Amino acid sequence: MILPIVAYGDPVLKKKAVDVEPGYEGLQALIADMFETMYRAHGVGLAAPQVGKSIRLFIVDAAPFAEGEDGDPSCRDFKRVFINPVLFDEEGEEWAFEEGCLSIPGIREEVSRKPTLKIEYYDENWELIEEELDGFPARIVQHEYDHIEGVLFLDRISAFRRTLLRGKLSDISAGIADAEYKMKFPKKK
Ligand code: NI
């Protein structure tokens, strides 16, 4: 089932999400719905708060970044479910990349992040996994991890850039956005 993606301005996007309990009802169905929703929207990552659930869960599938001449082969099999992840040891010299977000359609901004990290998490079968990531997989995970901390990529750009975007952002909250997928707008009349 395709779920509506919550748009910028909804308080759920600014909230620090809580751990998923092992007996969380409907978890497998939620994960399946999130994949369906993400693929429909042509995203490479989706966090539970973006579908209105303030829990520490996000999914990624970086396959689109593996395509084309300058594709990154490490993205081909980077499809994961992250439950209650803990991100640590972010290291290296920050690099800039233009990020976008399904909750903020039509806006892309350069965000600087460190290139490598480690992450410990439970997968969809509640197996505890530790992984070391770099490149695009690390970048996607950092963006999604921010979502469960109540942080958006806009919080990582300059105040000046944010001011320039103010009008566009209030339009998005009000439902003036051209997204080709189902969304829920906090201030739509
Ligand atoms: Ni996002």
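Everything numeric here is computed off the predicted structure, so don't read it as measured data. For ligands, and for the atoms within them, numbers begin at 1 and follow the listed sequence. Just so you know, these numbers use all the heavy atoms, side chains as well, and skip hydrogens, waters and symmetry mates.
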Chemist: Taking R139 as the fixed residue, which of E99, E144, E110, E98 is the one that meets the salt bridge (Lys or Arg N to Asp or Glu O under 4.0 Å) rule?
Modeler: E99
Chemist: Nearest 0.5 angstrom please: D10 CG to Q50 CD, how far?
Modeler: 11.0 Å
Chemist: How would you list, by chain and number, every residue that makes a side chain to side chain donor-acceptor pair (under 3.5 Å) with K16, sequence neighbours excluded?
Modeler: E149
Chemist: Taking the side chain as every heavy atom from C-beta outward, state whether D178 and P105 have any atom pair closer than 4.5 Å.
Modeler: no
Chemist: Return the set of protein N, O or S atoms whose distance to the Ni ion (ligand 1) is under 2.8 Å, each given as residue and atom.
Modeler: C101 SG, H143 NE2, H147 NE2
Chemist: Out of curiosity, I140 CD1 to D61 CG, how far, rounded to the nearest 0.5 Å?
Modeler: 8.5 Å
Chemist: With a 3.5 Å distance limit and no angle check, can you tell me whether T116 reaches the backbone of E91 through a side-chain donor-acceptor pair?
Modeler: yes
